[in-house]
Number of protein chains: 2
Amino acid sequence: MDERGQTLSEQVHLALRESIVRGELPPGRRLLVLEIANALEISQAPVREALERLKQEGLLDSKSNKGSVVADIRKEEIEEIYALRELIEWHAVRQCLPMLRQSDLDELDAICERMRNAAESDDHFRFIDLDMDFHRFFFAKAGNRTILQLWDQITVKIKRFLAITNKLYFPDLLSIAEGHSPLIEALRAGDEAEIERRFIRHINEVWWRMDKSKDLQRTRR
Amino acid sequence: MDERGQTLSEQVHLALRESIVRGELPPGRRLLVLEIANALEISQAPVREALERLKQEGLLDSKSNKGSVVADIRKEEIEEIYALRELIEWHAVRQCLPMLRQSDLDELDAICERMRNAAESDDHFRFIDLDMDFHRFFFAKAGNRTILQLWDQITVKIKRFLAITNKLYFPDLLSIAEGHSPLIEALRAGDEAEIERRFIRHINEVWWRMDKSKDLQRTRR
DNA sequence: AACGATAAAATTATCGATAATTATATCGAT
DNA sequence: ATCGATATAATTATCGATAATTTTATCGTT
């Protein structure tokens, strides 16, 4: 189990979340408090609390007294999340524009470089984390902590979505990494309209290609 | 205690949330698990779970092993929330425009009428609920359930903010109720640019007036 | 008096068990 | 065989108590 996190509950929460995001616990999989507690050799309380948090994050579905099930990845929900993402991410980027320094662009370059590394070693999960870090940069810089929190919330679901779709539809991670360079270039050039065009396009690219593909959930019970 | 909600945890959660939003439990107030459990004559578990949820909602501050304290209402946070609100609410309203029917406008009128009633009986809390219902209408109609959830999340904090500021700065509830009529008129007329102007203005009106006023939190420990 | 170390008290985090609820299996009637 | 009723098992929700942690009080030293 993960050693980050102070309390047992946190550790269980983070460990389970990672497993769900990575798809090791697939949609539809039932999670039983006692089963997990026994497996980890701890009592039910912290497990219960961890499941409660996952519920709040929308990673688990559950009706009261009916237990917890790893949530489906519904096409409609991804669509909704991407609509929201487009809205807040462009807002964040625009807020950033006046304060962007050379050092910021360097940092973005560095993230891209790390993405290329992850791509070469075919480390899908590290790649996704870095991809999200790239975009998180603007939320952090924009200085609206409420929106930053919101980004961190939806990031969890986006990561889970990408963990599946990248493997299936975008095996060429290197080209995804390169997809970020035009963004940095545009930022460097400073033409706001062009920046907006490229960000909106970039954000929606994955989703646009997905739209036509088959349904996402597959595992049952 | 409140009878809504299936489980004890839920009941405690809703009851405490209401108390915090209404300001009966003021910012800085410490909440002790055992104290609450004894007062309600239940065990610690459901109380603990309720506090956990309030933490997640941002109504409580807490470090691990250090207990829970009713969160401050920080000016910066309200500012952030209103920036986010403007973004998503205008998005929701715009999404709605093509589908608005006469019956929808009637429904909005009805909510306004109820707001006037609440204003006349000087029921601040019911008034705030109705005010939020008015705006929730567009999120519900727009059909993006993720954004609707987001609205419900930030609504809690907005309500708490309004519960304080309305009493202090806007005692004339009737005029606030009337402030919604121009919105309905604009919707009826159908001029998108004008609708946008009026909504943006309306959303920010409270906040703009607040900005210059004194600090919000007052209660300590 | 101010400071730091130690002891006492308060509080949360975790535990293991019971009560309440829901899901599953069994069985007789049709 | 299918259905409904009943009993059984599985699982969550709640309980009361202990362990771990943090806060507060005490007290000697400077």
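Just so we're on the same page: letters track the sequence lines, and every chain starts at 1.
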Participant: Distance check needed: D/dT12 C1' versus A/Leu60 CG, whole Å only.
Facilitator: 14 Å
Participant: Where each residue is assigned the nucleotide of DNA chain C containing its nearest heavy atom, which of B/Ser68 and A/Pro46 is assigned the position nearer the 5′ end?
Facilitator: B/Ser68
Participant: How many Å lie between CG on A/Asn38 and C1' on C/dG16, as a whole number?
Facilitator: 12 Å
Participant: Report the distance from atom CD of B/Glu52 to atom C1' of C/dT12, rounded to the nearest whole Å.
Facilitator: 12 Å
Participant: Whole angstroms only, please: what is the CD-P distance between A/Glu49 and D/dA13?
Facilitator: 14 Å
Participant: From the options D/dT14, D/dC15, D/dA17, select the nucleotide whose nearest atom is closest to the side chain of B/Thr7.
Facilitator: D/dT14
Participant: Quick one: is D/dC15 close enough that its OP1 or OP2 comes under 4.0 Å of any side-chain N or O from B/Ser43?
Facilitator: yes
Participant: Does a side-chain N or O from A/Lys66 land closer than 4.0 Å to OP1 or OP2 of D/dT12, or not?
Facilitator: no
Participant: Can a side chain N or O of B/Ser9 be found less than 4.0 Å away from OP1 or OP2 on D/dT14?
Facilitator: yes
Participant: Between A/Gln6 (CD) and D/dA19 (P), how many Å, whole number?
Facilitator: 22 Å
Participant: Does CD in A/Gln149 sit with more than 12 non-hydrogen atoms of other residues, nucleotides or ligands closer than 6.0 Å?
Facilitator: no
Participant: With both distances under 3.5 angstrom, what nucleotide forms a Watson-Crick or G-U wobble pair with C/dT30?
Facilitator: D/dA1
Participant: Hey, is the side chain of A/Gln44 pairing donor to acceptor with the base of C/dA17 inside 3.5 Å?
Facilitator: yes
Participant: What does A/Leu31 touch in the nucleic acid at a heavy-atom separation under 4.0 angstrom: a base, only the sugar-phosphate, or nothing?
Facilitator: sugar-phosphate
Participant: Measure the acute angle between the ring planes of A/Phe138 and A/Phe199, then classify it against the limits of 30° and 60° as parallel, tilted or perpendicular.
Facilitator: perpendicular
Participant: Any idea which of C/dT12, D/dC15, C/dT22 is nearest the B/Leu34 side chain?
Facilitator: C/dT12
Participant: Of the nucleotides D/dC15, C/dT11, C/dC15, which has the atom closest to the B/Arg30 side chain?
Facilitator: C/dT11
Participant: From the list D/dT14, D/dT11, C/dT12, which nucleotide is the closest neighbour of the side chain of A/Leu32?
Facilitator: D/dT11
Participant: Rounded to whole angstrom units, what separation is found between the CD atom of A/Glu41 and the P atom of C/dC15?
Facilitator: 11 Å
Participant: For A/Asn38 and A/Leu34, indicate whether the former's side chain and the latter's backbone hold a donor-acceptor pair under 3.5 Å.
Facilitator: yes
Participant: Let's see if you can work this out: which of C/dC15, C/dT12, D/dT11 has an atom nearest to the side-chain heavy atoms of B/Arg48?
Facilitator: C/dT12
Participant: Between B/Glu80 (side chain only) and A/Asn144 (backbone N and O only), is there a donor and an acceptor less than 3.5 Å apart?
Facilitator: no
Participant: Spell out, as yes or no, whether a donor-acceptor pair under 3.5 Å connects the side chain of A/Asp131 to the backbone of A/Phe127.
Facilitator: no
